[in-house]
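The structure appears below as C-alpha cells.
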Amino acid sequence: MCRRIIVGLCLLSWALIIPPAQAQDAPAFRLAIHGGAGTIQRANMTPEREAAYRAALQEALETGHAVLASGGSSMDAVIATIAVMEESPLFNAGKGAVFTSDKTVELDASVMDGQTRAAGAVAGVTRVKSPIALARLVMEASPHVMMVGTGAEQFGTEHGIDMVDNAYFHTERRLQQLEQRQARDDTPSGGDGAAEPVDEPAEAPLDKKWGTVGAVALDQNGNLAAGTSTGGMTNKRYGRVGDAPIIGAGTYADNATAAVSATGHGEYFIRGVVAYDIAAMMRYGGLALDEAANAVVMGRLSALGGTGGVIAMDREGHVAMPFNTSGMYRGVIDADGTVTISIYRDE
C-alpha cells in the first residue's frame with residue numbers, strides 16, 4: 001500500500017512540473033510564456049483561431065529563444081517575448097487590449113530582475129506602444145518602481161519610448177466584447193482581460209478569458225527574470241488597476257527561488273500576493289517549485305475565490321504552470337529549440 005502511494009505521488013509530481021530537456025553540459029537556458037487563462041474550451045474555439053493562437057505563441061517563444069541562445073540576458077528575452085504578444089491582436093495586451101467603459105484602452109505592465117530584485121512597473125498608460133518596454137525603463141532609468149498615467153508617459157517620452165494614438169490599440173473584436181458586456185449588465189468583467197467570444201449565440205453565458213500576457217526566463221548566466229503586460233478588465237472604470245503591474249502579486253523574480261508571471265482575476269492575485277507567495281513558500285517552507293506553485297494557485301487562490309493561473313520557473317529551469325480554469329494559453333521553449341505549446345487543461 002505504501003509503495004503504491006509513493007509511486008502515485010511521483011507520477012503526480014511529474015504531471016505538475018516540466019523538467020528541462022537540455023543535456024547537462026549544454027547551456028542552461030529556458031523560456032516560458034502565457035497568453036491568458038480562463039474559460040477556454042474546444043467547443044468555443046474554431047480551428048482557425050486555435051491555429052492563430054498557437055502560431056502567435058510559437059513566434060513569441062522563438063523570439064525570446066533567439067535572445068537567450070545568443071547569450072542575451074533573461075530580462076532581454078522577457079522584454080522581446082512580451083513585445084511580440086503586445087503587438088498581436090489576439091491577446092489582451094498592447095494592440096488588441098480590452099476597452100474601458102469609456103471605450104478607451106488603459107495598459108499596465110511590470111518586470112522584475114531575479115539577480116538584483118530590481119523592478120519596474122507602469123499602470124494606466126494610454127499612449128505607450130510597448131508598456132513592457134516602459135516598465136523596464138522605469139526599473140533601469142529611474143529611482144522608482146512604479147509610475148502611472150500621464151506621468152509615466154511623460155517619463156517615457158523624455159527617454160524615447162514609442163508613443164501612439166490610443167486608437168492604435170483598438171480592435172473591432174474588443175469593441176464588440178465591450179458592447180456585449182455593457183448590454184448585459186454594465187459591470188466590469190470578472191477578471192483581467194475577459195474576452196467573451198463575439199460569435200456565440202446571444203443566450204449563451206459569457207465566457208471569461210484573461211488574455212494578460214507574461215514571460216519568465218532563465219539565461220546562460222543562471223539569472224531569472226519575469227514580466228507581465230495587460231489591458232486589464234473589459235468595461236473597467238474609476239482608474240482600476242489589477243495585479244499585472246503589482247510586484248509580488250502579478251510578477252516576481254528572485255534567483256534564489258523562482259520567476260513568476262500571473263494571469264487571472266487581479267483583485268484576488270493582489271489579495272493573495274500570489275507571485276511572491278510562491279517564492280516565499282520555496283524560500284521559507286523548503287517546497288519545490290511545483291509544490292509551491294500548486295499550493296498557492298490550486299489551494300490558497302482557489303480558497304479565496306480567485307481564478308486564473310501562473311507560469312513559474314526556478315533557477316534549474318524547471319517550469320510549473322498551474323491554473324484553476326478550463327484552459328490557459330501557455331508554452332515552453334528549451335535550449336535546444338524544442339517547443340511545447342498548450343491551451344486546454346487536458347494537454
task: Can you sort out the partners of A141 under side-chain contact (heavy atoms from CB on, under 4.5 Å), two or more places apart, ordered by chain and number?
output: L137, F155, H159
- prompt: Between T126 and E153, does any side-chain donor sit less than 3.5 Å from a side-chain acceptor?
  reply: yes
- request: Determine, using the 4.5 Å side-chain heavy-atom cutoff (strictly less than), whether V339 and I82 are members of one ILVMFWY cluster.
  value: yes
query: So, are D254 and R315 salt-bridged, with charged N and O less than 4.0 Å apart?
result: no
query: With T230, which of L107, D108, T263, V98 fulfils side chain to side chain contact (heavy atoms under 4.5 Å, CB included)?
result: D108
query: Sub-3.5 Å donor-acceptor pair from the side chain of S70 to the main-chain atoms of V67, do we have one?
result: yes
- request: Find the distance between NZ (K129) and CD (E87) and round it off to the nearest 0.5 Å.
  value: 5.5 Å
- request: Determine whether I161 and V122 fall in the same hydrophobic cluster, where Ile, Leu, Val, Met, Phe, Trp and Tyr are linked whenever their side-chain heavy atoms lie under 4.5 Å apart.
  value: yes
message: What I'd like to find out is whether the side chain of M281 reaches to under 4.5 Å of the side chain of R300, using heavy atoms alone.
response: yes
query: T307 and N324: side-chain donor and acceptor closer than 3.5 Å?
result: no
query: Is any side-chain heavy atom of M45 closer than 4.5 Å to a side-chain heavy atom of I40?
result: yes
Residues forming a side-chain hydrogen bond (donor to acceptor under 3.5 Å, both in side chains) with E106, sequence neighbours excluded: none
- request: Kindly determine whether E267 and R271 satisfy salt bridge (Lys or Arg N to Asp or Glu O under 4.0 Å), including the steps that lead there.
  value: CA-CA 6 Å; E267 279 68 16; R271 289 165 56 193; over 6 Å; no
query: Between T81 (side chain) and A77 (backbone), is there a donor-acceptor pair under 3.5 Å?
result: yes
message: So I33 and L61, do their side chains get closer than 4.5 Å, heavy atoms only?
response: yes
- prompt: Does anything in residues 72-106 pair up under ring-ring contact (aromatic ring centres under 6.0 Å, His included), and if so which pairs, sequence neighbours excluded?
  reply: Y53-F91, F99-H170
- prompt: Excluding sequence neighbours, so at least two apart, what forms side-chain contact (heavy atoms from CB on, under 4.5 Å) with V273?
  reply: Y276
Short side-chain donor-acceptor distance under 3.5 Å, E62 and Q58: yes
task: May I ask whether V241 and Y268 are part of the same hydrophobic cluster, defined by side-chain heavy atoms of I, L, V, M, F, W, Y residues being less than 4.5 angstrom apart, directly or through others?
output: no
message: I'd like to check Y329 versus H34 (side-chain heavy atoms, cut-off strictly below 4.5 Å). Are they in contact?
response: no
Polar side chain donor-acceptor pair, T234 to Q177, under 3.5 angstrom: no
message: Pairing donors with acceptors under 3.5 angstrom, does anything connect the side chains of N255 and N223?
response: yes
query: With sequence neighbours excluded, what pairs up with T157 under the side-chain contact (heavy atoms from CB on, under 4.5 Å) test?
result: R127, M163
task: List the atom of T171, the atom of P89, and the distance in Å for their closest heavy-atom pair.
output: CG2-CB, 4.1 Å
task: Identify, with sequence neighbours excluded, every residue that meets side-chain contact (heavy atoms from CB on, under 4.5 Å) alongside E347.
output: R42, R54, R330, S342, I343, Y344
message: Any carboxylate oxygen within less than 4.0 angstrom of a Lys/Arg side-chain nitrogen, looking at D102 and R237?
response: no
query: Only one of D219, V216, I333 clears side chain to side chain contact (heavy atoms under 4.5 Å, CB included) with L31; which?
result: I333
- prompt: So, does D76 use its side chain to make a donor-acceptor pair with the main chain of G72 at under 3.5 Å?
  reply: no
task: Give a yes or no on whether M112 and M75 share a hydrophobic cluster (residues Ile, Leu, Val, Met, Phe, Trp, Tyr; joining criterion: side-chain heavy atoms under 4.5 Å apart).
output: no
message: Would you say S110 and T228 are linked by a side-chain donor-acceptor pair, where the criterion is simply a distance under 3.5 Å?
response: no
query: According to a 4.5 Å side-chain heavy-atom criterion applied to Ile, Leu, Val, Met, Phe, Trp and Tyr, with indirect links allowed, do Y252 and L218 form part of one hydrophobic cluster?
result: no
field: Approximate separation, where rounding is to 0.5 Å, of K103 NZ and N166 CG
entry: 13.5 Å
message: Can you confirm whether V84 sits close enough to S88 that some side-chain heavy atom of one is under 4.5 Å from a side-chain heavy atom of the other?
response: no
Under 3.5 Å donor-acceptor, Q182 side chain and S101 backbone: yes
